[in-house]
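Report on the structure given below.
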2 protein chains.
Amino acid sequence: MGNSDSAAQVQSVDRAISVLELLAQGEAGITEIAGELGVHKSTVSRLVSVLEARGLVEQLGERGKYAIGFGVVRLAGAATGRMDLTKLGQPVCQTLADSFGETVNIAVHDAGVAINITQARGSAAVSAVNWIGQRTPLHATSSGKVLLAYLPADERARLVSLPLDSYTEKTVVDGAQLLTELDAVASQGFAACFEELELGLHAVAVPVRGHRGEVVAAMSASGPSYRLSRQRVEEIVPAMSTAAADLSAQLGYFAG
Amino acid sequence: MGNSDSAAQVQSVDRAISVLELLAQGEAGITEIAGELGVHKSTVSRLVSVLEARGLVEQLGERGKYAIGFGVVRLAGAATGRMDLTKLGQPVCQTLADSFGETVNIAVHDAGVAINITQARGSAAVSAVNWIGQRTPLHATSSGKVLLAYLPADERARLVSLPLDSYTEKTVVDGAQLLTELDAVASQGFAACFEELELGLHAVAVPVRGHRGEVVAAMSASGPSYRLSRQRVEEIVPAMSTAAADLSAQLGYFAG
DNA sequence: GACACACGTTCCGAATGACGCAACACAATG
DNA sequence: CATTGTGTTGCGTCATTCGGAACGTGTGTC
């Protein structure tokens, strides 16, 4: 889908987008837009009316001159936020993956699950699974625990009070126990996960902060239990915390 | 227009915008969007198809999951570019206007004319005219001359070669004479205009630079000839140049 | 393997929503 | 005042959009 050169499937939406693109090049009036697009000015008037009602188009000082509105900037925030994190995070993850030999991911919180948005594989990675875009349970992954730990208390309590699925016999599904663990995560600055999601899988994660200091993502390293032992986890945490702090700084976070 | 609570004038466009707003909160699949909007999934599929074909929506790693695309960021650039200059420039203009007692504007170049995007009035301002959004001729205004002076030579020559309108008997309409004056503007760093647009109106402008050092706007002070004499113009240029340099720095320009 | 389920895509006919036309309202100019 | 230019609104028509259903694909279970 999205590869069609043929007529747009919804012509009026296609036209509205053409209006936006025209206005992105500079403000214009209804008659001018109509001339550029080759449609009637009453059609343009209606299209612009909807776009303006929803904030995607606005009039500047001169009446009858329309320009791109702030509503577009708000929509764009979703893409730029993702791009910054993905684009800046990828080399950081790769450096760590090359250093540890394990897989390093960045995950964000969305609607009660963790979503992996970046992945870098180390040379020793035995798993071919691509985690990008995959949703994983917050309570049973190291990334998820980091994301949970730094949520506002009421939101955290709400998510933890939902029924928690068990993936292995080591999965923590007791809410009170999990909350206690999350308090420890918040104070020690990392979360570890030993075979809670999958037998033989160990992982550790640290927080990544946005420019306002809020935790926007978790960066995790994962590998098989025989390689990523509990002791090794403790050993790699400082390097991960440093890398995450670097990434946070790149995202605009100044701890000073 | 744009104040209607009633049914949207173009329902399909309104629906497409609702899709974008939903995706701005986080990625989603077709069935999920359909459920949220209360429309059939084939309708959503078609809307998303158009949005994707035009780059406003894209699929991340997981097939069937849609998110806001980079095309929205491109559209937003038109609004953010305008906002930075306007938002940061407004207090700078107001400070100058309070200091001089005259009206201070910022204008940008668009399609052969100067457009005022910011205005601050001083206490002595006698004119109630709101210049925001107004288009003024490049060759007959101080702002316009600054904008012309710093254009690439071929673009400047092209604009100057067009027929130049005369607004008063002092308006310079001879291309060669204007080019000579523009060379002087570029070397002295400001442009003055004495009754070329309107009898009794004097103005002086200085350049504002964007982060790459290019001149992106002109900041001007204007007032009646009896108050803004030629001598006073020379006196206020240093303060204006300093303020414009401040604004340029805020826009990311480092002269070093 | 078969089957069930879930998802996104595509075809189809019905109808309604979007279209262009024309009139209207408003502003600017001479 | 008349003229010109712009954006808005009402109207009838029909082309576009809609929802239903079938289809293709992927996943999970037995």
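Just so it is clear, the structure is predicted and the values come from calculations on it, not from any experiment. To find a chain, count down the sequence lines: A is the first, B the second, and so on, and within it residues start at 1.
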Note to self: Nearest to the A/Val10 side chain among D/dA21, D/dC18, C/dG20, which nucleotide is it?
What the structure shows: D/dC18

Checklist line | A/Arg54 and B/Ser18 side chains, donor-acceptor separation under 3.5 Å | finding: yes

Notebook entry, point to check: Closer than 4.0 Å, any side-chain N/O of A/Ser12 to the OP1 or OP2 of D/dT16?
Noted result: no

Next item on the list: Let me know the distance between CD1 of A/Ile33 and C1' of D/dG7, rounded to the nearest Å.
Entry: 11 Å

Checklist line | Of the listed nucleotides D/dT17, C/dG20, D/dC18, the one nearest the side chain of B/Thr43 | finding: D/dC18

Check: Side-chain N or O of B/Thr31 less than 4.0 angstrom from OP1 or OP2 on C/dG8?
Finding: yes

Next item on the list: Identify whether the distance between the nearest side-chain nitrogen and carboxylate oxygen of A/Lys65 and A/Glu27 falls below 4.0 Å.
Entry: no

Checklist line | Nearest-Å distance for atom pair CD/C1', residues B/Gln11 and D/dG19 | finding: 12 Å

Next item on the list: Answer with yes or no whether the side chains of A/Gln9 and B/Ser49 bring together a donor and an acceptor at under 3.5 Å.
Entry: yes

Next item on the list: Nearest-nucleotide wise, let me know which of B/Lys41 and A/Glu32 is further upstream toward the 5' end of DNA chain D.
Entry: A/Glu32

Checklist line | Candidates D/dT16, C/dG8, D/dG19 - which lies nearest the side chain of B/His40 | finding: D/dG19

Checklist line | Among C/dT10, C/dC19, C/dA22, the nucleotide that comes nearest once only the side chain of A/Ser42 is considered | finding: C/dA22

Notebook entry, point to check: NZ of A/Lys65 versus P of D/dT6: gap in Å, rounded?
Noted result: 9 Å

Item checked: Value in whole Å for how far the P atom of C/dC7 lies from CD of B/Glu27 -> 15 Å

Margin query: So if I take every side-chain heavy atom of A/Val39 and compare against C/dG20, D/dG19, C/dA18, which nucleotide ends up nearest?
Written below: C/dG20

Check: Do you see a donor-acceptor pair shorter than 3.5 Å between the side chains of B/Ser142 and B/Ser220?
Finding: no

For residues 30-42 of chain B, which side-chain N or O atoms pair as donor and acceptor with protein atoms under 3.5 Å away, sequence neighbours left out?
residue, atom, partner, partner atom, Å
B/His40, ND1, B/Ser42, N, 3.0
B/His40, ND1, B/Ser42, OG, 2.9

Note to self: Measure CG/B/Leu47 against P/C/dT10 and give the value in whole Å, please.
What the structure shows: 15 Å

Next item on the list: Looking only at side-chain atoms of B/Ile30, point me to the closest of D/dT8, C/dT9, C/dT10.
Entry: C/dT9

Checklist line | Whole-Å gap separating C1' (D/dG19) and CD (A/Gln9) | finding: 15 Å

Next item on the list: Output yes when at least one side-chain N/O atom of B/Arg46 is less than 4.0 Å from OP1 or OP2 of C/dT10, else no.
Entry: no

Check: Which whole-number value in Å describes the distance from B/Tyr66 OH to C/dC7 P?
Finding: 13 Å

